[in-house]
Amino acid sequence: MYIDSLKLINYRNYDNLHVEFNKDINLIVGKNGQGKTNIVESLTLMSIGKSFRSSKDKEIIKFGKDNLYCGCTFLKNGLGKKIEVMVTKDKKGIKVNGVSIKSIQELLGTLNVVVFSPEDLKLVKDGPKERRGFIDREISQIMPRYYSNLTMYNKTINQRNKVLKSNKIDHNLLDVYDEHLSLYGSEIYSTRMKFIEKLSKISNKLHNSLTSNSENMSIIYKSQINITEDDTVDTIKDKMDVKLKDSREHDIFYRSTKIGPHRDDLSIFVNDIDVRLYGSQGQQRTVSISLKLSEIELIKQELGDYPVLILDDVFSELDQTRQRMLVEKLGDIQMFVTSADPLHKNILGKKNYTIFNIEEGKIVDIENGGK
Ligand SMILES: Nc1ncnc2c1ncn2[C@@H]1O[C@H](COP(=O)(O)OP(=O)(O)OP(=O)(O)O)[C@@H](O)[C@H]1O
Ligand SMILES: [Mg+2]
């Protein structure tokens, strides 16, 4: 899959931008605060329906303006497609191939983008919430149904917690919420388990090659509900029913729901050692890279086409060996690399590339190179 053009109107510091991209490598360079990340952010807006760095849509509208437009054309499995997003102060509209969609669920999986930013290098060191966010985002891209289960699950958790916080506990209402939780929760568990199993295999391969075969890595899904490989959605639901019932008094005491997918985590091992607790900084970073990049292969396996890869400010954080490895290993995948430092062109090997120089929300220079 690759994006061939982008149009931005009143998008952050861009008035009006139309740009055609390189099928291979796009280097977006410029000093700090010029608008490099804004360009790649707009691509994520069209991929998942929201920015990867702002929680409020209206923050993306150019200061002093009332609405923004962004649109891109791309090729997926050989077919040309178009996504457009319009944001006003209180509304957002999204069109796929000219047709308005009703929910984000219809958008997910259309334009597959993997974003790798310096925050991802901390994935291993961060708290469970960040790791859960990582797996939830990744699975949602591949399986929009997962996203709707997750939305319903989180909504029910909030409702249940409200009951737990009230002065008079309504046990009948809790029964209803418990039923919903185990219904959506068992789907979430089951999908996560399958996803982690695949992710673990792919990331181990990548990790092997990143460490010249000196390290093996594996990922284990950690939950208070004891789930094994033999469990099905139905048996997981039964286990969750029991666990929720058992922990009700405890939850009433703590006034919140303490078990379920919203409390789970991943354990990551390198040569059988928990890398979060005992790994060196370098190991933790390499594991984070392996994890993040395995998404690319996973999307290809599940959807039949490679996603687009965005490396926002992450290239300069890596040493030259890893930079070159990254470009070489990734093969035929379209990349968007932002950087405030000029990059060494020898890292790009024989690939085609275009360098876009950005100044104050404008492309001031374009340079093509490569094969
Ligand atoms: N809603 C907005 N309207 C107008 N300008 C905005 C808006 N939001 C952010 N900006 C401007 O966009 C610029 C930041 O853009 P961006 O984050 O893309 O920079 P960058 O080139 O990636 O910088 P860095 O190298 O520091 O990461 C800032 O100058 C900021 O003032
Ligand atoms: Mg930036």
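As the structure lists them, so they are numbered: ligands from 1, and atoms in each ligand from 1. Numbers here are sequence positions counted from 1.
Here Asp57 pairs with Lys92 in a salt bridge; the nearest charged N to carboxylate O distance falls below 4.0 Å. A salt bridge does not link Asp4 with Lys23: none of the charged nitrogens is closer than 4.0 Å to a carboxylate oxygen.
Residue contacts with ligand 1: Gly30 is excluded, as none of its non-hydrogen atoms falls under 4.0 Å. Residue contacts with ligand 1 include Lys31, since one of its heavy atoms falls under 4.0 Å from the ligand. Ligand 1 does not have Glu359 within reach: every non-hydrogen atom of the residue lies 4.0 Å or more from it.
In this structure, Lys89 places its NZ atom where more than 12 heavy-atom neighbours from other residues, nucleotides or ligands lie under 6.0 Å away. The number of heavy-atom neighbours closer than 6.0 Å to CD of Gln301, taken from other residues, nucleotides and ligands shown, is above 12. The neighbour count for Lys82 NZ, taken as heavy atoms of other residues, nucleotides or ligands under 6.0 Å away, does not exceed 12. Counting heavy atoms of neighbouring residues, nucleotides and ligands inside a 6.0 Å radius, atom NZ of Lys58 does not exceed 12 of them.
With values rounded to the nearest 0.5 angstrom, Leu111 atom CG is found 13.5 Å from Tyr2 atom OH.
Contact annotation: for Glu41 versus ligand 1, there are no heavy atoms closer than 4.0 Å. When heavy-atom distances to ligand 1 are checked against a 4.0 Å cut-off, Arg53 comes that close only through its side chain, counted from C-beta outward.
What sits closest to atom 4 (C) of ligand 1 on the protein, heavy atoms only, is Arg12 O, 3.2 Å. Scanning the protein for heavy atoms near atom 7 (C) of ligand 1, the closest one is Phe63 CZ, 3.5 Å. Of the protein's non-hydrogen atoms, the one nearest atom 28 (C) of ligand 1 is Gly33 O, 3.6 Å. From the protein, the heavy atom lying nearest to atom 11 (C) of ligand 1 is Asn13 CB, 4.0 Å.
Of the listed residues (Leu210, Thr286, Asn271), just one forms a side-chain contact (heavy atoms from CB on, under 4.5 Å) with Glu215, and that residue is Asn271.
The Gly35 neighbourhood of ligand 1 comprises atoms 15 (O), 16 (P), 18 (O), 19 (O), 20 (P), 21 (O), with distances under 4.0 Å to a heavy atom of that residue. Near Lys62, meaning under 4.0 Å from one of its heavy atoms, ligand 1 places the atoms 3 (N). Atom numbering of ligand 1 starts at 1 in the shown order; those under 4.0 Å from a heavy atom of Thr37 are 17 (O), 18 (O), 20 (P), 22 (O), 27 (O). Per-residue contacts place Asn38 under 4.0 angstrom from the following atoms of ligand 1 (heavy atoms of the residue considered): 12 (O), 13 (C), 14 (C), 15 (O), 16 (P), 17 (O), 18 (O).
In the model, Asp312 has a side-chain atom that pairs as donor or acceptor with a side-chain atom of Thr338 under 3.5 Å. In this model, no donor atom of one side chain and acceptor atom of the other lie less than 3.5 Å apart for Ser200 and Ser218. Side-chain contact annotation: Tyr189 with Ser223, donor-acceptor N/O pair under 3.5 Å present.
In this structure, atom 9 (C) of ligand 1 is in close contact with the protein, since a protein heavy atom lies within 4.0 Å of it.
For the pair Lys81 and Phe74, the cation-pi test (distance below 6.0 Å, angle within 45°) is failed.
Comparing Val29, Ile61, Asp313, Asn32 against atom 27 (O) of ligand 1, the shortest heavy-atom distance belongs to Asp313.
Checking side-chain atoms of Gln334 against main-chain N and O of Val308 turns up no donor-acceptor pair under 3.5 Å. Remark: side-chain polar atoms of Arg53 are not paired, donor with acceptor, to backbone N or O of Glu41 under 3.5 angstrom.
Close N/O approach between Ala340 and ligand 1 is not found [any backbone or side-chain N/O within under 3.5 Å].
The number of protein N, O or S atoms lying under 2.8 Å from the Mg ion (ligand 2) is 1.
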